[in-house]
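What follows is a single structure, written as structure tokens, with notes after it.
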Amino acid sequence: MMKLKSLYPVLCLMVGVCMLSGCIEEFEADIPEENTDLLVVEGTICSYQHNQFILSFTQSINSSSKPRMARGAKVSVRGSDGSVFDTQETDGGYICWIGALVPDVEYHLHIEIDGEVYESEPQKPLRTEGIAEAIGVQNTPESSIDVLVTPDAPFEPGKVNYYSWTYEETWEVHSDYTTHIYFDTEKKMAVFKADQFPERGWKDATDSTIMVGTSSSYDGQHIQKLKIYDIDRGSERLWHRYSCLLHQRAISKAEYEYELARIQASSEMGGLFTPLPSALPTNIRCLTSHKHVIGFVGCSLNTTDYRLFLNAKDFSIHRTPIKDARTWFDDTSLADCFQMVAEGLYLCEWEDKRMEPGGKLRTAWAPERLLDVRYKGAYIIKPVFWTLDEDDSEQQS
């Protein structure tokens, strides 16, 4: 027996149908021996983007090596008007830049590898509506924050519409402690010093999970507030400020059904009625033999983006209290200060009450890793879309 084990996390899916969504585990499928070395194709033909197509082959269920990537292939996007967009092979797959696709032209992916020729079904690029709104909703103080999306009114309200979504995340991170003083060993006292350590930074994450949804159960075929993912209220991402850039793409019914079938094969593998990968729907075929292909190539005239902002103050956020990791002296001597400096610690607190009757000098010290936000894996150059006075989410062009 064989199995399909994708190298790329894009094969991990989340489906949102009506108001439902859920994480999908990595796709690992048993494949009969006669279907070994099946070509796996991932990618979408889309305007104004660097289109990436990932080609790999299925491998043995007992194999401990990474999936074998398809190297040395000739891959191109071709149009019924005679246009050809050749790809360049990279470590991440086959990439080509495509400008404007023509709405009335049919496009397909053409692949030549190992003496075989494969092509996806020609299709006209689908137009994608904008995103009218994306919001974060917390149903109870103890629940996660759900991200809900509402596309613009559909171009064709009389027919069922199908969409897929992906997203990129950015969130603000703060250091554990801040300090604006340091101990001057010559003056033997605390001295003010601003901006010693970067206290505020940002982290990014690109989620390769694909969410899909249909308008079939909505009035006027207009999806309203569809949940596409959620964030745990205790996640670091929500401790301060969070942003998500949503990408929306209209897809065909066939592509939607392919994604659902792949989800079923992934989540129910081993069941009596679970389809094998070779039985999954596909729009790619081999022109030179009867070899089966796994995958689906969609075609889109455009994608639409929407940037969502969530602020911690608007939700019930849970943050587990942490024990104070600083070193404190309730009656600090100069020898203590010199010792802390020698050990590489930095002054955080300086409460000098020695002028008062019975008063003492109280200090706190911390290592650099607790003061510099970069130790948390953050970068400190503020993203261009991140402004302190901007709380409104917005459609992106």
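Proximity of Trp171 to Trp202: side-chain heavy atoms (C-beta onward) are nowhere separated by under 4.5 Å. Residues Gln123 and Tyr107 are not in side-chain contact: their nearest non-hydrogen atoms beyond the backbone lie 4.5 Å or more apart. Side-chain contact between Ile111 and Ser76: absent, with no pair of heavy atoms (C-beta onward) separated by less than 4.5 Å.
With hydrogens and angles left out, the side-chain atoms of Gln138 and Ser143 include no donor and acceptor closer than 3.5 Å. For the residue pair Arg249 and Thr303, no side-chain donor N or O sits within less than 3.5 Å of a side-chain acceptor on the partner. Tyr379 and Asp204 form a side-chain donor-acceptor contact under 3.5 Å, judged by distance and modelled atom types alone. In this model, no donor atom of one side chain and acceptor atom of the other lie less than 3.5 Å apart for Tyr94 and Gln88. Side chain to side chain, Ser235 and Asp232 fail the donor-acceptor criterion of an N or O pair below 3.5 Å. Between the side chains of Asp324 and Tyr177, at least one donor-acceptor pair of N or O atoms lies under 3.5 Å. In summary, the side chains of Glu142 and His318 do not present any donor paired with an acceptor at a separation below 3.5 Å, with no hydrogens or angles considered. A side-chain N or O of His222 and one of Gln224 form a donor-acceptor pair less than 3.5 Å apart.
The closest donor-acceptor contact from the side chain of Ser80 to the backbone of Glu106 lies under 3.5 Å. Listed for the Thr214 side chain is a donor-acceptor partner under 3.5 Å among the backbone atoms of Ser216. Judged by distance alone, the side chain of Asp372 and the main-chain N or O of Ser175 form no donor-acceptor pair under 3.5 Å. Side-chain atoms of Ser120 never come within 3.5 Å of backbone atoms of His108 as a donor-acceptor pair (strictly under, hydrogens ignored). A side-chain donor-acceptor contact under 3.5 Å links Ser333 to the backbone of Asp336. Panel note: side chain Glu129, backbone Phe155; a donor-acceptor pair is recorded below 3.5 Å. Judged purely by atom type and a 3.5 angstrom limit, Thr332 uses its side chain to pair as donor or acceptor with the backbone of Leu361. Using a distance-only test at 3.5 Å, with no hydrogens or angles considered, a donor-acceptor pair links the side chain of Ser316 to the main chain of Pro141. Judged by distance alone, the side chain of Thr282 and the main-chain N or O of Ile294 form no donor-acceptor pair under 3.5 Å.
We find that Arg362 and Asp331 are not joined by a salt bridge, their nearest charged nitrogen and carboxylate oxygen being 4.0 Å or further apart. For Glu349 and Arg326, the salt-bridge test passes: some basic side-chain N is under 4.0 Å from an acidic carboxylate O. Under the 4.0 Å criterion applied to side-chain N and carboxylate O atoms, Glu119 and Arg285 are not assigned as salt-bridge partners. A salt bridge links Asp230 to Lys227: at least one charged side-chain nitrogen sits closer than 4.0 Å to a carboxylate oxygen.
Applying the side-chain hydrogen bond (donor to acceptor under 3.5 Å, both in side chains) test between Gln248 and each of Tyr306, Trp165, Tyr167 identifies Trp165 as the sole match.
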message: Before you tell me yes or no, could you show the steps for Arg319 and Glu236 under salt bridge (charged side-chain N to carboxylate O under 4.0 Å, His left out), namely the whole-Å CA-CA distance, both residues' side-chain angles and the distance that decides it to 0.1 Å?
response: CA-CA 8 Å; Arg319 188 171 180 178; Glu236 175 197 63; over 6 Å; no
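Interatomic distance, SG of Cys286 versus CG of Leu38, reported as 11.0 Å (0.5 Å rounding). Here the straight-line distance linking atom CD1 of Ile95 with atom CG of Asp86 works out to 14.5 Å at 0.5 Å rounding.
Using cut-offs of 30° and 60° on the angle between ring planes, the pair Phe338 and Phe183 is perpendicular.
Of all heavy-atom pairs spanning Gln49 and Asn51, the tightest one is O-ND2, 3.0 Å.
Aromatic rings of Tyr346 and Phe197 (six-membered ring for Trp) have centroids within the 6.0 Å cut-off, being under it.
Under the 4.5 Å side-chain heavy-atom criterion for Ile, Leu, Val, Met, Phe, Trp and Tyr, Val297 and Phe57 are members of the same hydrophobic cluster.
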